[in-house]
**Student:** 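The structure is given below, and queries will be raised subsequently.
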Amino acid sequence: MTDTITPPPLDEHQIIAERRAKLTAARAQGQAYPNDFRRTDLAADLQRDHADQQNDVLEAAPRAVRIAGRMLLKRVMGKACFGTLQDMSGRMQIYVALDLVGAETLDAFKRWDLGDLLGVEGTLFRTKTGELTVKATSVRLLSKSLRPLPEKFHGLTDQEQKYRQRYVDLITNPESRDVFVKRSQIVQAIRTFFVQRGYLEVETPMMHPIPGGAAAKPFVTHHNALDMELYLRIAPELYLKKLVVGGFEKVFEINRNFRNEGISTRHNPEFTMIEFYEAYQDYNYLMDLTEELLRGVAQQVLGTTSITYQGNAIDLGKPFDRLTLAQAIHQYHPHHSLADLAQPDYLRAALAKTGTETYPTDGLGVLQLKLFEAGTEDKLMQPTFIVAHPTDVSPLARASDADPAVTDRFELFITGREIANGFSELNDPEDQAARFTAQAKAKEAGDEEAMFFDADYIRALEYGLPPTAGEGIGIDRLVMLLTDSPSIRDVILFPQLRNSDV
RNA sequence: GGGUGGUUAGCUCAGCCGGUAGAGCAGCGGACUUUUAAUCCGUUGGUCGCGAGUUCGAAUCUCGCACCACCUACCA
């Protein structure tokens with residue numbers, strides 16, 4: 001501590017100035033930010049443990065408690081006051097009366113502000129109206145809050161401020177807290193699911209000399225000591241498969257990916273994925289596993305597999321549909337017959353009507369994919385696996401034995417959004433090298449998202465990757481689904497926003 | 001990248017047929033020993049996002065810029 005006065009912030013105004021004056025007065029009384037108060041109780045535990053006890057029971061055998069929290073409501077009435085404290089678990093009312101705490105403490109309490117952090121000792125009782133309350137024998141100011149909280153009834157509603165000052169959002173809006181508590185529970189449930197199945201959780205590099213594992217534009221940075229360019233990873237895929245080569249036959253990683261692309265309600269530059277790989281399994285196994293995972297997580301975190309997303313009922317309990325691109329297009333647009341959808345010329349004509357650009361090099365599969373994306377993808381409300389993606393756009397997936405033009409791959413769509421992507425891995429090093437060469441050519445031709453030729457990955461495959469199935473699930477989008485959140489920013493604590501002047 | 005809407009007190013919002021800015025909450029002063037969005041009386045607080053223009057006069061009309069939201073495009 002020093003005696004130097006902190007320069008007032010640029011947005012200092014009357015309320016802050018008044019609170020700062022109270023802080024200065026508190027400093028004159030002694031330590032203004034004490035750290036010797038130890039709580040013994042959390043609000044929610046007390047509410048739960050004493051839910052059934054009437055006041056006569058509580059008064060007969062007084063329960064001594066020590067709680068701490070932020071004061072969100074205060075009702076001053078002459079010689080007795082009520083306040084509402086909030087801690088990480090919930091809220092608890094406190095009662096501060098002259099005959100129990102004395103005039104000095106009562107006067108001090110009256111000057112404390114909403115937002116101040118208090119420590120309270122006392123006993124439990126129940127008020128006339130039946131609310132469990134701590135009757136204070138002592139109240140202390142533990143941290144002065146210099147900035148006023150948002151309006152106590154409406155909380156913070158301004159979207160920008162909710163994102164930029166998430167801490168204020170979390171203080172005042174229980175719905176926001178709930179989303180992030182659920183997010184934590186969802187991630188924990190996923191982690192447990194894989195650990196219980198014998199998977200090893202690993203951490204692979206976030207900085208890659210060659211960005212790989214997905215088609216996306218990377219962020220670039222520079223390592224000074226090595227004097228080399230490094231890329232923030234766009235996916236952990238290639239590293240995880242190297243671990244399978246190394247003998248870790250079931251691995252998963254839950255971590256951030258970074259993609260230097262647009263920002264929207266469904267895209268944040270850094271987002272969280274789980275990727276998992278299991279040797280001696282294929283993509284059909286993954287689809288079964290994915291259904292089991294999503295059902296289990298929803299049941300565990302929400303207590304149900306029937307959920308609502310933005311007004312649409314979604315049933316995670318039923319077996320998920322499994323359709324090829326052509327089958328999905330036909331199902332939602334029956335005027336396209338399956339025979340038509342197998343004709344490249346027909347597809348080109350249909351795409352021309354939707355204004356979608358096509359290239360002479362687009363094969364049947366790519367044309368189907370484009371038509372799917374142009375008007376079917378967003379209609380897949382209920383969980384649907386789209387299987388057999390074209391080999392041309394799946395450079396890391398194993399080609400189908402029955403038809404090498406497509407891969408043993410699926411994408412899972414729910415509410416019209418891609419939630420997961422998985423496939424039987426391409427483990428033939430010569431095929432993989434050829435696919436990388438094709439990608440490298442596309443990159444030279446100007447495709448910014450085409451992949452690099454990754455020689456170390458080919459070398460790993462040359463040691464022998466067992467037949468393996470691998471999948472990625474977008475955690476943010478899954479959390480959006482399970483918390484009924486309309487924007488990815490609602491499920492990321494500190495979403496990326498443009499710079500602002502504080 | 002394109003379109004639409006928003007930006008007024010610390011917060012939630014009115015005011016927008018151009019005439020010098022309002023409410024509730026919070027704050028400040030006062031009353032009140034079971035309140036709970038406490039109540040009652042009094043009261044402080046504003047570069048109306050920023051910059052230009054039209055006008056005797058702009059929160060209000062016009063143009064530009066910034067940021068936010070939504071839609072759209074892009075994006076495995």
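Lettering follows sequence order; numbering is per chain, from 1.
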**Student:** Quick one: the side chain of A:Y95 and the base of B:U33, do they pair up donor-acceptor inside 3.5 Å?
**Tutor:** yes
**Student:** Are A:R75 and B:A38 close enough that a side-chain N or O sits under 4.0 Å from OP1 or OP2?
**Tutor:** yes
**Student:** For nucleotides 69-76 of chain B, read 5' to 3', which letter fits each nucleotide if B means a protein heavy atom sits under 4.0 Å from the base, S means only the sugar-phosphate is that close, and - means neither?
**Tutor:** SSS---BB
**Student:** Scan A:K22 against the nucleic acid and name what it touches under 4.0 Å (heavy atoms): base, sugar-phosphate only, or nothing.
**Tutor:** sugar-phosphate
**Student:** Applying ring pair (Phe, Tyr, Trp, His ring centres under 6.0 Å), which residue pairs with at least one partner in residues 72-98 of chain A are found, sequence neighbours left out?
**Tutor:** A:F82-A:Y95, A:Y95-A:F125
**Student:** Just the rounded figure in Å: distance from P of B:U34 to CD of A:E59.
**Tutor:** 15 Å
**Student:** Mind checking who B:U62 pairs with, Watson-Crick or G-U wobble, both distances under 3.5 Å?
**Tutor:** B:A52
**Student:** Please work out if A:D99 contacts a base, only the sugar-phosphate, or nothing of the nucleic acid, heavy-atom cut-off 4.0 Å.
**Tutor:** base
**Student:** Base, sugar-phosphate, or nothing: which does A:L73 touch, judged by heavy atoms less than 4.0 Å apart?
**Tutor:** sugar-phosphate
**Student:** Quick one: sort the A:F372 and A:F413 rings into parallel, tilted or perpendicular, breaks at 30° and 60°.
**Tutor:** perpendicular
**Student:** OP1, OP2 of B:U35 versus side-chain N and O of A:T127: anything below 4.0 Å?
**Tutor:** no
**Student:** Can you tell me how far P in B:G42 sits from the matching atom in B:G51, rounded to whole Å?
**Tutor:** 38 Å
**Student:** Using both distances under 3.5 Å as the test, list the Watson-Crick or G-U wobble partner of B:G24, or none.
**Tutor:** B:C11
**Student:** Do A:R435 and A:D431 sit within salt-bridge range, that is, some charged N less than 4.0 Å from a carboxylate O?
**Tutor:** yes
**Student:** Atom CE of A:M71 to atom C1' of B:U35: distance rounded to whole Å?
**Tutor:** 14 Å
**Student:** Does B:U39 have a Watson-Crick or wobble partner in any strand here, with both distances under 3.5 angstrom, and which is it?
**Tutor:** B:A31
**Student:** If we call it a pair only when both distances are under 3.5 Å in a Watson-Crick or G-U wobble match, what pairs with B:G18?
**Tutor:** none
**Student:** Quote, to the nearest angstrom, the P distance that separates B:C61 from B:A14.
**Tutor:** 15 Å
**Student:** Starting the side chain at C-beta, find the nucleotide from B:G10, B:U35, B:A26 nearest to A:H13.
**Tutor:** B:G10
**Student:** Answer whether the closest heavy-atom distance between the side chains of A:Y332 and A:L380 falls below 4.5 Å.
**Tutor:** yes
**Student:** Quick one: is B:A9 close enough that its OP1 or OP2 comes under 4.0 Å of any side-chain N or O from A:Q14?
**Tutor:** no
**Student:** Taking the P atom in each of B:A52 and B:C48, what is the distance between them to the nearest angstrom?
**Tutor:** 13 Å
**Student:** Can you sort out the partners of A:D41 under salt bridge (Lys or Arg N to Asp or Glu O under 4.0 Å), two or more places apart, ordered by chain and number?
**Tutor:** A:R63
**Student:** Of the nucleotides B:U35, B:C32, B:G10, which has the atom closest to the A:P148 side chain?
**Tutor:** B:G10
**Student:** Mind calculating the distance between CG (A:D158) and C1' (B:G10) to the nearest angstrom?
**Tutor:** 13 Å
**Student:** So do the side chains of A:V406 and A:L325 get within less than 4.5 Å of each other, counting heavy atoms only?
**Tutor:** no
**Student:** Give the rounded distance in Å between these two atoms: CD of A:Q93 and P of B:U35.
**Tutor:** 10 Å
**Student:** Roughly how many Å is it from CG in A:L156 to C1' in B:U12, rounded to a whole number?
**Tutor:** 10 Å
**Student:** Could you work out the separation of B:C56 and B:U7 based on their P atoms and round it to a whole Å?
**Tutor:** 29 Å
**Student:** Given B:A26, B:G10, B:C28, identify the nucleotide with an atom nearest to the side chain of A:D113.
**Tutor:** B:C28
**Student:** Rounding to an integer number of angstrom, what distance separates B:C75 and B:C13 when you compare their P atoms?
**Tutor:** 37 Å
**Student:** Sticking with atom C1', work out how far B:G6 lies from B:C74, rounded to a whole angstrom.
**Tutor:** 25 Å
**Student:** Which whole number of Å gives the distance between the C1' atom of B:U60 and that of B:G18?
**Tutor:** 6 Å
**Student:** Are A:R489 and A:K162 packed together at the side-chain level, in the sense that at least one heavy-atom pair is separated by less than 4.5 angstrom?
**Tutor:** no
**Student:** A:K152 side chain N/O closer than 4.0 Å to the phosphate oxygens (OP1, OP2) of B:C25?
**Tutor:** no
**Student:** Determine, step by step, whether A:F252 and A:F276 satisfy the ring-ring contact (aromatic ring centres under 6.0 Å, His included) criterion, reporting the C-alpha distance in whole Å, the side-chain angles of both residues, the deciding distance to 0.1 Å, and the verdict.
**Tutor:** CA-CA 4 Å; A:F252 76 98; A:F276 53 97; 8.3 Å; no
**Student:** Does B:C67 have a Watson-Crick or wobble partner in any strand here, with both distances under 3.5 angstrom, and which is it?
**Tutor:** B:G6
**Student:** Distance check: side-chain N/O of A:K79 vs OP1/OP2 of B:U33, anything under 4.0 Å?
**Tutor:** yes
**Student:** Relative to the ring of A:F385, is the ring of A:F320 parallel (under 30°), tilted (30 to 60°) or perpendicular (over 60°)?
**Tutor:** tilted
**Student:** Base, sugar-phosphate, or nothing: which does A:G155 touch, judged by heavy atoms less than 4.0 Å apart?
**Tutor:** sugar-phosphate
**Student:** Taking atom P in both B:C28 and B:G10, what distance in whole Å separates the two?
**Tutor:** 16 Å
